[in-house]
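We count residues from 1, following the sequence as given.
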Amino acid sequence: MAPIRMIDIAVNFTDGMFKGIYNGKQHHVSDIATVLSRAWNAGVDRIIVTGGSLEESKEALAIAETDGRLFCTVGVHPTRCKEFEESGDPEKHFQGLLALAKEGIQKGKVVAIGECGLDYDRLHFCPPEVQKKYFEKQFELAYATKLPMFLHMRAAAEDFCEIMERNINKFTGGVTHSFTGSAEDRDKLLSFHNMYIGVNGCSLKMAENLDVVRGIPVERMMIETDSPYCEIKSTHAGINFVKSLWPSKKKEKQVLEVLAGCKGITDIDLFSATLYQNTCRVFFPQDLDAAADALLAGRNESQ
């Protein structure tokens with residue numbers, strides 16, 4: 001079997017922590033190159049850099065252009081949606097996102113619209129009505145560009161799924177990343193035929209989380225780090241499934257190990273290959289290996 005290959009669908013390289021800035025103070029020099037080196041050595045062969053605002057999306061595209069294995073998203077995170085109105089001209093702001101997405105597509109770097117969605121845990125950043133308005137607006141970006149969506153849903157499943165349902169024909173597919181919802185939330189998402197669920201350390205904190213994750217079919221799952229957040233900690237319910245031990249961790253392999261352990265999957269190579277194909281199916285369809293796809297489908301069914 002070939003070595004494990006992984007695609008990390010969410011890394012926040014625009015965060016100041018990667019530049020050594022913590023709480024507004026410089027603590028060390030930029031370490032993105034070191035982080036990338038560890039990622040490539042751990043089996044990650046592509047990373048999608050998350051954009052969460054117009055300016056951040058510009059920065060994400062600039063970062064993605066520095067390495068052939070880096071890609072990015074363009075969109076506005078729910079907690080930042082006030083920027084549409086604060087810009088003074090929401091339509092012009094929207095057009096700026098659209099122009100950036102088209103530029104990034106031409107460069108072969110922008111692979112999704114997002115991070116967009118709803119976050120009712122952090123309403124102090126942006127009220128729900130503003131979030132809903134501009135979440136819905138960003139489906140127009142997906143429709144205009146024919147890109148999939150990179151989505152965020154936190155404590156807002158009912159409104160999120162209602163908006164999704166209204167716009168289901170405007171996007172080709174997507175992933176609701178960093179999933180931390182209930183079994184009911186999971187099943188609502190899985191009812192959308194073109195929706196995948198992204199799992200990271202935040203999805204695996206408690207025994208209840210593991211129970212919910214067990215119910216996500218392998219063929220509808222992706223893995224991610226959401227770095228520098230959402231690591232797997234020693235206090236997490238899934239820590240006993242982690243086998244990789246090294247001082248500076250690339251978290252995605254740990255996520256893979258916890259998922260395999262909690263789902264009782266023994267063939268981790270097959271599991272990782274399936275997750276890899278899932279990710280290609282949404283974000284890199286030009287790289288789908290049809291023969292591998294058929295083989296994986298047959299092997300998964302036999303299990």
Trainee: Whether the Glu219 and Tyr196 side chains hold a donor-acceptor pair (N or O, under 3.5 Å, no angle test) is what I'd like checked.
Mentor: no

Trainee: Before you tell me yes or no, could you show the steps for Phe241 and Leu259 under side chain to side chain contact (heavy atoms under 4.5 Å, CB included), namely the whole-Å CA-CA distance, both residues' side-chain angles and the distance that decides it to 0.1 Å?
Mentor: CA-CA 8 Å; Phe241 296 122; Leu259 285 173; over 6 Å; no

Trainee: Taking Asn12 for its side chain and Asp226 for its backbone only, find out whether a donor-acceptor pair lies under 3.5 Å.
Mentor: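 Yes, Asn12 side chain to Asp226 backbone: donor-acceptor pair under 3.5 Å.
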
Trainee: Heavy-atom count check: over 12 atoms from other residues, nucleotides or ligands less than 6.0 Å from Lys146 NZ?
Mentor: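 Atom NZ in Lys146 is crowded, with more than 12 foreign heavy atoms closer than 6.0 Å.
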
Trainee: If we ignore hydrogens and angles and just use 3.5 Å, is the side chain of Ser203 paired with the main-chain N or O of Phe179 as donor and acceptor?
Mentor: yes

Trainee: When you check the gap from the basic side-chain N to the acidic O, do Lys107 and Glu103 get nearer than 4.0 Å?
Mentor: yes

Trainee: Can you list the steps and then say if Ile63 with Thr14 is a side chain to side chain contact (heavy atoms under 4.5 Å, CB included)?
Mentor: CA-CA 8 Å; Ile63 292 169; Thr14 60; 4.2 Å; yes

Trainee: Is a side-chain donor or acceptor of Arg220 paired with a backbone partner of Met195 at a separation under 3.5 angstrom?
Mentor: yes

Trainee: Rounded to the nearest 0.5 Å, what separation is found between the CD atom of Glu83 and the CD atom of Glu55?
Mentor: 8.0 Å

Trainee: Hey, is CD on Glu86 packed in by over 12 heavy atoms from elsewhere, all under 6.0 Å?
Mentor: yes

Trainee: Would you check if the side chain of Thr176 reaches a backbone N or O of Ile197 as a donor-acceptor pair within less than 3.5 Å?
Mentor: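 Checking the backbone N and O of Ile197 against the side chain of Thr176, no donor-acceptor pair under 3.5 Å is found.
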
Trainee: Check whether more than 12 heavy atoms from other residues, nucleotides or ligands sit under 6.0 Å from atom NZ of Lys263, and answer yes or no.
Mentor: yes

Trainee: How about CD on Glu165, more than 12 heavy atoms from neighbouring residues, nucleotides or ligands closer than 6.0 Å, or not?
Mentor: no

Trainee: Relative to each other, are the rings of Phe135 and Phe160 parallel, tilted or perpendicular (30° and 60° limits)?
Mentor: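 Taking Phe160 first and then Phe135, their aromatic rings lie parallel (interplane angle under 30°).
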
Trainee: Grab the two heavy atoms, one from Ser87 and one from Pro90, that are nearest each other, plus how far apart they are.
Mentor: OG-N, 3.9 Å

Trainee: Can you name the nearest heavy-atom pair linking Thr145 to Ala101, along with the distance?
Mentor: CG2-CB, 4.1 Å

Trainee: Under 6.0 Å from the NZ atom of Lys102, do we count more than 12 heavy atoms belonging to anything else shown?
Mentor: no

Trainee: Go through Phe283 and Leu147 one step at a time and tell me if the side chain to side chain contact (heavy atoms under 4.5 Å, CB included) criterion holds.
Mentor: CA-CA 8 Å; Phe283 298 114; Leu147 286 175; over 6 Å; no

Trainee: When the ring centroid of Phe94 is compared with that of Phe84, is the distance short of 6.0 Å?
Mentor: no

Trainee: For Asp121, is there an ion pair with Arg154 - N to carboxylate O distance below 4.0 angstrom?
Mentor: no

Trainee: Examine the side chains of Asn167 and Tyr143 and answer whether a donor and an acceptor come within less than 3.5 Å of each other.
Mentor: no

Trainee: Is it the case that the side chain of Arg5 and the backbone of Tyr276 share a donor-acceptor pair, with hydrogens and angles ignored and the cut-off at 3.5 Å?
Mentor: no

Trainee: Holding to side-chain hydrogen bond (donor to acceptor under 3.5 Å, both in side chains), I want the full list of residues that pass it with Ser191, two or more places apart in sequence or in another chain.
Mentor: none

Trainee: Quick one: does NZ or CZ of Arg80 land under 6.0 Å from the six-membered ring centre of Phe125, within 45 degrees of the ring axis?
Mentor: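 Judged by the rule (NZ or CZ under 6.0 Å from the ring centre, within 45° of its axis), Arg80 is not positioned above Phe125.
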
Trainee: Will you find, in the side chains of Asn278 and Arg281, an N or O donor that is under 3.5 Å from an N or O acceptor?
Mentor: yes

Trainee: Work out which heavy atom in Leu123 is nearest to a heavy atom in Pro128; give both atom names and the distance.
Mentor: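 Reported closest heavy-atom pair: CD2-CD, 3.6 Å.
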
Trainee: Between Asn209 (side chain only) and Met206 (backbone N and O only), is there a donor and an acceptor less than 3.5 Å apart?
Mentor: yes

Trainee: State whether the number of non-hydrogen atoms from other residues, nucleotides or ligands found under 6.0 Å of Glu158 atom CD is greater than 12.
Mentor: no

Trainee: Would you say the side-chain atoms of Gln131 and Asp119 include a donor-acceptor pair closer than 3.5 Å?
Mentor: no

Trainee: Under the side chain to side chain contact (heavy atoms under 4.5 Å, CB included) criterion, do Leu275 and Met222 qualify, and how do the steps go?
Mentor: CA-CA 6 Å; Leu275 297 174; Met222 295 183 197; 5.8 Å; no

Trainee: Are Phe139 and Ile168 joined in one hydrophobic group, where the rule is that I, L, V, M, F, W and Y side chains link up if heavy atoms are under 4.5 Å apart?
Mentor: yes

Trainee: Distance alone, cut at 3.5 Å: any donor-acceptor contact between the side chains of Asp159 and Tyr120?
Mentor: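 The criterion, which ignores hydrogens and geometry beyond distance, is satisfied for Tyr120 and Asp159.
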
Trainee: Using a 3.5 Å distance criterion without hydrogens, assess whether the side chain of Ser272 forms a donor-acceptor pair with backbone atoms of Ile4.
Mentor: no

Trainee: Which heavy atom of Gln277 sits nearest to which heavy atom of Leu288, and what is that distance?
Mentor: O-CD2, 3.7 Å

Trainee: Does a side-chain N-to-carboxylate-O contact under 4.0 Å join Glu162 and Arg166?
Mentor: yes

Trainee: Under a 4.0 Å N-O cut-off, is there an ion pair linking Asp287 with Arg46?
Mentor: yes

Trainee: Assess whether atom CD of Glu85 is packed by more than 12 heavy atoms of other residues, nucleotides or ligands within 6.0 Å.
Mentor: yes

Trainee: Which pair of non-hydrogen atoms, one from Ile9 and one from Ile223, has the smallest distance, and what is that distance?
Mentor: CG1-O, 3.8 Å

Trainee: Working to the nearest 0.5 angstrom, can you tell me the gap between Lys170 NZ and Glu140 CD?
Mentor: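 Reported to 0.5 Å precision, the distance equals 5.5 Å.
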
Trainee: When you measure from the side chain of Lys109 to the backbone N and O of Phe71, does any donor-acceptor pair fall under 3.5 Å?
Mentor: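 Answer holds: no.
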
Trainee: So which heavy atom on Leu100 is nearest to which on Leu54, and how close?
Mentor: CD2-O, 4.1 Å

Trainee: What I want to check is whether the side chains of Asn200 and Ser178 have a donor and an acceptor closer together than 3.5 Å.
Mentor: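 Side-chain D/A pair, Asn200 to Ser178: present.
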
